[in-house]
Q: 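Structure below; questions to follow.
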Amino acid sequence: FFFQAEDGIRDYKVTGVQTCALPISSLCSNFIGMNRPTTDTILIADPFTKEEPFKRSVVLLCIHEAEGSIGFVLNKPFDGHLHELVDGFDGMDIPVYIGGPVACDTLHFIHCYPDKIPDSKCVTGDIYWGGDFDKVQELIVKGEIELSNIRFFIGRSEEHTSELQSPCNLVCRLLLE
(Lines give C-alpha, C1' and ligand atoms only; values in the text may rest on other atoms or scores of the structure.)
Protein backbone atom coordinates (compact mmCIF):
# COMPACT_ATOMS: atom_id res chain seq x y z
CA PHE A 1 0.00 0.00 0.00
CA PHE A 2 2.28 2.71 -1.25
CA PHE A 3 1.85 5.54 -3.69
CA GLN A 4 2.51 5.07 -7.39
CA ALA A 5 6.16 4.73 -8.28
CA GLU A 6 7.76 6.57 -11.17
CA ASP A 7 8.07 3.36 -13.16
CA GLY A 8 4.41 2.48 -12.62
CA ILE A 9 4.91 -0.80 -10.75
CA ARG A 10 1.51 -2.18 -9.78
CA ASP A 11 0.50 -5.07 -7.57
CA TYR A 12 -1.94 -7.02 -9.74
CA LYS A 13 -3.64 -8.55 -6.67
CA VAL A 14 -4.84 -5.22 -5.27
CA THR A 15 -7.36 -3.29 -7.34
CA GLY A 16 -6.74 0.43 -7.51
CA VAL A 17 -3.78 0.50 -5.13
CA GLN A 18 -0.38 1.49 -6.44
CA THR A 19 2.86 0.00 -5.17
CA CYS A 20 6.50 0.95 -5.31
CA ALA A 21 9.77 -0.71 -4.53
CA LEU A 22 10.97 1.55 -1.71
CA PRO A 23 12.49 -0.30 1.23
CA ILE A 24 10.34 -0.27 4.38
CA SER A 25 13.07 1.46 6.42
CA SER A 26 12.91 4.48 4.09
CA LEU A 27 9.17 4.63 4.51
CA CYS A 28 9.32 4.40 8.29
CA SER A 29 11.71 7.30 8.45
CA ASN A 30 9.09 9.40 6.65
CA PHE A 31 6.59 8.70 9.44
CA ILE A 32 8.75 9.63 12.43
CA GLY A 33 7.00 13.01 12.79
CA MET A 34 3.57 11.66 11.92
CA ASN A 35 0.69 12.48 14.27
CA ARG A 36 -0.48 9.60 16.41
CA PRO A 37 -3.71 7.81 15.50
CA THR A 38 -6.97 9.23 16.81
CA THR A 39 -10.57 8.10 16.90
CA ASP A 40 -11.82 8.39 13.29
CA THR A 41 -8.47 7.39 11.77
CA ILE A 42 -8.22 4.91 8.94
CA LEU A 43 -5.18 2.65 9.27
CA ILE A 44 -3.80 0.82 6.25
CA ALA A 45 -1.78 -2.30 7.04
CA ASP A 46 1.94 -2.53 6.46
CA PRO A 47 2.28 -4.06 2.98
CA PHE A 48 4.59 -6.76 4.32
CA THR A 49 2.15 -7.98 6.97
CA LYS A 50 1.41 -11.63 6.26
CA GLU A 51 -0.82 -12.40 9.26
CA GLU A 52 -4.57 -12.61 8.80
CA PRO A 53 -6.88 -10.84 9.34
CA PHE A 54 -4.63 -7.80 8.96
CA LYS A 55 -2.93 -8.77 5.68
CA ARG A 56 -3.86 -5.97 3.22
CA SER A 57 -6.43 -4.64 5.67
CA VAL A 58 -7.97 -1.22 6.16
CA VAL A 59 -9.13 -0.50 9.72
CA LEU A 60 -11.42 2.29 10.93
CA LEU A 61 -10.58 3.29 14.51
CA CYS A 62 -13.84 3.89 16.39
CA ILE A 63 -12.19 4.40 19.78
CA HIS A 64 -8.61 5.45 20.47
CA GLU A 65 -7.94 6.27 24.11
CA ALA A 66 -5.14 5.88 26.64
CA GLU A 67 -6.35 2.38 27.51
CA GLY A 68 -6.38 1.15 23.91
CA SER A 69 -8.16 1.18 20.59
CA ILE A 70 -11.14 -0.53 19.00
CA GLY A 71 -11.83 -0.57 15.29
CA PHE A 72 -13.15 -2.62 12.41
CA VAL A 73 -11.46 -4.10 9.37
CA LEU A 74 -13.44 -2.57 6.51
CA ASN A 75 -12.32 -4.71 3.59
CA LYS A 76 -12.59 -8.38 4.68
CA PRO A 77 -15.97 -9.88 3.72
CA PHE A 78 -17.32 -12.72 5.84
CA ASP A 79 -18.35 -15.85 3.98
CA GLY A 80 -22.01 -15.49 4.85
CA HIS A 81 -24.86 -13.01 5.19
CA LEU A 82 -26.71 -11.37 8.05
CA HIS A 83 -29.79 -13.60 7.69
CA GLU A 84 -27.54 -16.63 8.38
CA LEU A 85 -26.42 -15.12 11.70
CA VAL A 86 -29.51 -13.34 13.03
CA ASP A 87 -33.19 -14.25 12.82
CA GLY A 88 -35.55 -11.76 11.22
CA PHE A 89 -33.61 -10.98 8.04
CA ASP A 90 -34.97 -13.87 5.97
CA GLY A 91 -34.43 -13.51 2.24
CA MET A 92 -32.14 -10.50 2.68
CA ASP A 93 -28.59 -11.01 1.44
CA ILE A 94 -27.02 -8.32 3.62
CA PRO A 95 -23.22 -8.72 3.63
CA VAL A 96 -21.23 -9.07 6.83
CA TYR A 97 -17.54 -8.26 7.23
CA ILE A 98 -14.85 -9.67 9.52
CA GLY A 99 -14.25 -6.77 11.90
CA GLY A 100 -11.23 -8.40 13.51
CA PRO A 101 -10.05 -11.33 15.59
CA VAL A 102 -11.46 -10.19 18.97
CA ALA A 103 -14.91 -11.22 20.26
CA CYS A 104 -15.84 -13.08 17.08
CA ASP A 105 -19.13 -14.10 18.68
CA THR A 106 -20.33 -10.47 18.61
CA LEU A 107 -22.03 -8.46 15.88
CA HIS A 108 -21.26 -4.76 15.39
CA PHE A 109 -22.35 -2.17 12.88
CA ILE A 110 -21.41 1.28 11.65
CA HIS A 111 -23.95 3.52 9.97
CA CYS A 112 -25.08 7.02 8.98
CA TYR A 113 -28.42 7.11 10.86
CA PRO A 114 -27.96 8.69 14.31
CA ASP A 115 -31.46 10.19 14.21
CA LYS A 116 -33.10 6.86 13.41
CA ILE A 117 -30.92 4.52 15.50
CA PRO A 118 -30.87 5.44 19.20
CA ASP A 119 -27.81 4.91 21.41
CA SER A 120 -25.32 5.29 18.54
CA LYS A 121 -21.79 6.51 19.27
CA CYS A 122 -20.36 9.14 16.91
CA VAL A 123 -17.08 8.06 15.33
CA THR A 124 -16.67 11.05 13.02
CA GLY A 125 -18.84 13.37 10.98
CA ASP A 126 -21.80 11.29 9.90
CA ILE A 127 -20.37 7.85 10.78
CA TYR A 128 -21.76 6.20 13.90
CA TRP A 129 -21.09 2.93 15.67
CA GLY A 130 -23.70 0.67 17.22
CA GLY A 131 -27.05 1.53 18.67
CA ASP A 132 -30.39 -0.19 19.23
CA PHE A 133 -30.18 -3.38 17.13
CA ASP A 134 -33.93 -4.07 17.34
CA LYS A 135 -34.52 -0.64 15.80
CA VAL A 136 -31.96 -1.37 13.07
CA GLN A 137 -33.74 -4.61 12.24
CA GLU A 138 -37.11 -2.84 12.12
CA LEU A 139 -35.76 -0.09 9.84
CA ILE A 140 -34.15 -2.57 7.46
CA VAL A 141 -37.22 -4.79 7.23
CA LYS A 142 -39.41 -1.73 6.53
CA GLY A 143 -36.91 -0.46 3.94
CA GLU A 144 -36.44 2.81 5.82
CA ILE A 145 -32.64 2.85 5.62
CA GLU A 146 -30.32 2.33 2.67
CA LEU A 147 -28.21 -0.80 3.06
CA SER A 148 -25.30 1.08 1.48
CA ASN A 149 -25.24 3.29 4.60
CA ILE A 150 -24.82 0.51 7.16
CA ARG A 151 -22.16 -2.18 7.46
CA PHE A 152 -22.17 -5.20 9.77
CA PHE A 153 -19.11 -6.86 11.32
CA ILE A 154 -18.39 -10.07 13.15
CA GLY A 155 -15.81 -9.36 15.84
CA ARG A 156 -13.60 -6.31 16.16
CA SER A 157 -9.97 -5.22 16.12
CA GLU A 158 -8.52 -4.23 19.45
CA GLU A 159 -5.02 -3.11 20.38
CA HIS A 160 -3.23 -1.72 23.39
CA THR A 161 -2.27 1.91 22.79
CA SER A 162 1.46 1.17 22.84
CA GLU A 163 1.06 -1.15 19.86
CA LEU A 164 -0.35 1.70 17.74
CA GLN A 165 2.17 4.35 18.78
CA SER A 166 4.98 3.11 16.57
CA PRO A 167 4.87 4.83 13.16
CA CYS A 168 6.41 1.75 11.54
CA ASN A 169 3.26 -0.21 12.41
CA LEU A 170 1.33 2.08 10.06
CA VAL A 171 1.80 2.73 6.40
CA CYS A 172 -0.78 5.40 5.96
CA ARG A 173 -2.98 7.51 8.20
CA LEU A 174 -5.95 9.29 6.69
CA LEU A 175 -8.43 11.39 8.62
CA LEU A 176 -12.01 11.02 7.52
CA GLU A 177 -13.47 14.34 6.53
Q: Could you tell me whether a side-chain N or O of Glu144 sits under 3.5 Å from a main-chain N or O of Glu138, the two making a donor and an acceptor?
A: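 No, the answer is negative, given that no donor and acceptor are paired below the 3.5 Å cut-off.
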
Q: Any side-chain heavy atom of Lys135 sitting closer than 4.5 Å to one from Asp119?
A: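 No; the side chains remain at least 4.5 Å from each other.
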
Q: Under 4.5 Å between side-chain heavy atoms, hopping through other hydrophobics if needed: is there a path connecting Val86 to Ile140?
A: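 Yes, Val86 and Ile140 fall within the same hydrophobic cluster.
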
Q: State, to 0.1 Å, how close Val123 and Leu61 come at their nearest heavy-atom pair, and which atoms those are.
A: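 Residues Val123 and Leu61, closest heavy atoms: CG1-O, 3.7 Å.
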
Q: Return the minimal non-hydrogen interatomic distance between Ser120 and Gly130, and the atom names on each side.
A: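 So the two residues come closest at OG-O, 3.1 Å.
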
Q: Quick check: do Phe109 and Phe133 have side-chain heavy atoms less than 4.5 Å from each other?
A: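 The answer is yes; the side chains approach within 4.5 Å.
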
Q: Evaluate the side-chain proximity of His111 to Tyr128: yes if any heavy-atom separation is below 4.5 Å, no if none is.
A: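 Heavy-atom side-chain distance check passes, below 4.5 Å.
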
Q: Tell me which one of Val96, Ile98, Ile110 satisfies side-chain contact (heavy atoms from CB on, under 4.5 Å) with Phe153.
A: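 Passing option: Ile110.
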
Q: Go through the steps to decide whether Phe89 and Ile94 satisfy the test side chain to side chain contact (heavy atoms under 4.5 Å, CB included), and finish with yes or no.
A: CA-CA 8 Å; Phe89 293 98; Ile94 300 170; 4.0 Å; yes

Q: Just so I know, are the side chains of Arg156 and Val102 near enough to count as touching, which here means a heavy-atom distance under 4.5 Å?
A: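 A side-chain contact exists here, since the closest heavy-atom pair is under 4.5 Å.
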
Q: Roughly how far apart are Asn149 CG and Tyr113 OH, rounded to 0.5 Å?
A: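 It is 4.0 Å, given to the nearest 0.5 Å.
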
Q: Quick one: closest heavy-atom pair of Gly99 and Ser157, and the distance?
A: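 That would be O-OG, 2.9 Å.
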
Q: From Asp132 CG over to Ile117 CD1, what is the distance, rounded to the nearest 0.5 angstrom?
A: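 Those atoms lie 8.5 Å apart.
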
Q: Report the distance from atom CG of Leu60 to atom CZ of Arg151, rounding to the nearest 0.5 Å.
A: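 So the CG of Leu60 and the CZ of Arg151 are separated by 10.5 Å.
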
Q: Between Lys76 and Ser57, is there a side-chain heavy-atom distance shorter than 4.5 Å?
A: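 The answer is yes; the side chains approach within 4.5 Å.
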
Q: Anything under 30° is parallel, anything over 60° is perpendicular, the rest tilted; go ahead and classify Phe72 against Trp129.
A: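 Rings of Phe72 and Trp129: perpendicular, over 60°.
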
Q: Is the number of heavy atoms from other residues, nucleotides or ligands within 6.0 Å of CD (Glu146) greater than 12?
A: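 No, CD of Glu146 has 12 or fewer neighbouring heavy atoms, counting only those of other groups under 6.0 Å.
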
Q: Please round to the nearest 0.5 Å and tell me the distance separating atom CG of Leu107 and atom CG of Leu85.
A: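 Result: 7.0 Å between the selected atoms.
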
Q: At what distance, to the nearest 0.5 angstrom, does SG of Cys112 lie from CG of Asp126?
A: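 The CG atom of Asp126 is 4.5 Å from SG of Cys112, to the nearest 0.5 Å.
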
Q: Can you hop from Val141 to Ile145 via hydrophobic side chains spaced under 4.5 Å?
A: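 Looking at the clustering, Ile145 is in a separate group from Val141.
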
